[in-house]
Amino acid sequence: MPNHIIIKNKIKSFDKKIGISPDKSISIRSILLASQAVGVSKISNLLESEDVLNTLKTIKKLGINFTKKGGVYKIQGFGVNGFNISKNTTINAGNSGTLARLVLGLLVKTKFKVKIIGDKSLSKRDFSRVIKPLKIMGAHIKSKDNLLPIEISGTRFLRPIEYNENIGSAQVKSCIILSALNTPGITIINSKVSRNHTELLLKFLKYPIKIQKKKNIERISIQGLNQFKAFDYTVPGDISSAAFFIVLTILSENSRMVIKNVNINKSRIGIITILNKMGGKIKLKKIKNYNGEKIADIYVKSRKILKSINCPPSLNSSAIDEFLIIFLAAAKAEGISKFKDLGELNKKESKRLDLAVQFLKLIGIKVKRFKNNISITGNPKLKLSGNFVMKDFLKDHRIFFLSCITALTLGGKWKINDRDSIKSSFPNFLNILKILGAKIN
Ligand code: S3P
């Protein structure tokens, strides 16, 4: 199969109920925590994407066995720091920053040295944000220029710290929380609000973790060296994957969609708040509590007119993976939309802020960039014709998804390279588009 797709036609109107792929952040966390529980955990509806499969391979390399039967993964844990590590272990985190950063937290007491490597994109990403707090806790870490490969060797002399996490990165926060499980005493993180799945899962497991919220800072206290029992868990749907279908529906003609059982954790639904401020009229129905998280069905329909937005930076973290597709909505909105303080976008699988500016220019949209702020002059009448070849935007799944949704809503003849990139987060993406009637070759 070629590693590109061709889209030559806009999608016709649709009215469908769909399920979305399981949440990537929660899938990775449920595996890593099951590897630290006492007993056999059973995880259902795990996302079977490369990032998650690499997480399973990682725990296996660290001596944790698992089996899969009838869609349920059974993971045999031996408690916190219960890895059975052999000499010269290398972990390949592939494309996943979440896996690489979170597993470092679990390895602070490793018996033998472990080396972490990753793919080309991950090898360009900066790890100083996790190396710094782990070293303050006493971890032994070696890396050149804070990049992969990273070697971590265990220490028995870990100390609890109080750390101010001011990037708003859930990967950093979670890395420290996981290392705190191995650390005597109470570790405290004063964290700028970011996705809180690690905390919710630990609370669900009755682990002694306390969270106090003051404005946009969360003070998280973790009591180290406690054990927790194996658990049963079903992963909810991923709002970051649903995001592309929400915008597809809003920008398509006479269409409606219901997306079932999507995780609507407050720290993730910035996209809904932003699109609704733009006149999106997205509704959440059948809201339920779900293993410490919340889920809902998302109802969305086409909107003829969207308004521009002056996006409050307080929403940045809860929409951090969705800005690319939000920019497409802004490109079709009336007026000038403004987004600020988005430097973190350039630290993702690719330099997404730089690429977003290039992409919007490619489709004829006026964009102004000043440092990490951008303004997008929308054109509600925007229609595309002619040929578009997406070959310069390599190895970022979300750039691939953005290109497909643009082609299907705005037209033009598109050749989109890097079909394989979808495997990291959403292998089922193209199948769902086909169910909705999209013609993709
Ligand atoms: C993630 C956190 C976010 C997000 C990433 C997944 C996680 O990264 O962009 O796709 O699962 O913790 P940061 O924590 O670096 O913002």
Side-chain angles (χ1 to χ4, degrees), residues 21-33 46-47 49-52 54-55 58 93-106 118 121-122 124-133 146 163 165-178 189 191-202 216 218 220 235-236 238-244 263 265 267-271 293 313-326 341-353 356 372 395-402 421-422 424-426:
S21 62
D23 190 275
K24 177 155 74 93
S25 293
I26 299 178
S27 292
I28 292 174
R29 284 161 172 79
S30 63
I31 297 169
L32 292 179
L33 284 179
L46 199 66
L47 173 68
S49 78
E50 271 174 4
D51 287 6
V52 180
N54 282 331
T55 310
T58 293
N95 188 248
S96 177
T98 306
L99 167 58
R101 290 178 175 140
L102 268 56
V103 81
L104 269 171
L106 288 179
S121 143
L122 190 58
K124 287 190 186 144
R125 294 174 72 180
D126 176 49
F127 277 72
S128 61
R129 53 183 60 198
V130 284
I131 292 177
K132 186 178 162 206
N146 292 308
Y163 193 75
E165 191 292 303
N166 40 33
I167 308 171
S169 163
Q171 294 178 353
V172 174
K173 172 176 69 174
S174 301
C175 168
I176 304 172
I177 293 176
L178 296 180
I189 311 161
S191 165
K192 211 169 143 188
V193 173
S194 58
R195 67 188 68 189
N196 62 351
H197 307 301
T198 311
E199 300 91 297
L200 292 185
L201 199 44
L202 282 167
N216 68 340
E218 281 175 341
I220 305 166
V235 180
D238 196 331
I239 181 79
S240 296
S241 297
F244 293 95
N263 178 237
N265 183 316
S267 63
R268 296 287 299 279
I269 54 168
I271 177 150
E293 293 276 352
S314 58
L315 291 174
N316 286 358
S317 136
S318 62
I320 194 69
D321 290 339
E322 286 66 70
F323 276 104
L324 293 175
I325 199 68
I326 290 169
D341 298 341
L342 285 175
E344 273 298 297
L345 288 193
N346 267 353
K347 301 190 174 155
K348 300 293 173 191
E349 287 85 328
S350 68
K351 293 195 164 191
R352 285 187 184 152
L353 190 58
N372 294 322
K395 282 279 164 241
D396 186 333
H397 49 141
R398 298 199 205 278
I399 302 269
F400 183 93
F401 304 143
L402 167 71
S421 64
I422 71 174
S424 77
S425 70
F426 194 0

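One-based numbering, in listed order, for ligands and for the atoms of each. Treat the numbers as computed from the prediction; the structure is a model and nothing was measured.
- Under the ring pair (Phe, Tyr, Trp, His ring centres under 6.0 Å) criterion, F127 pairs with no residue, sequence neighbours left out.
- The existence of a salt bridge linking R268 and D238 is confirmed by a sub-4.0 Å separation between a basic side-chain nitrogen and an acidic carboxylate oxygen.
- Counting heavy atoms from C-beta outward, S194 and S317 have side chains that approach closer than 4.5 Å.
- One finds no salt bridge joining R195 and D23 here, because no Lys/Arg side-chain nitrogen approaches an Asp/Glu carboxylate oxygen to under 4.0 Å.
- With 3.5 Å as the limit, one finds no donor-acceptor pair spanning the side chains of S25 and H197.
- Near ligand 1, S25, R29, T98, R129, S169, A170, Q171, R195, I320, D321, K348 each place a heavy atom less than 4.0 angstrom from the ligand.
- In this structure, a donor-acceptor pair under 3.5 Å is present between the side chains of D126 and S128.
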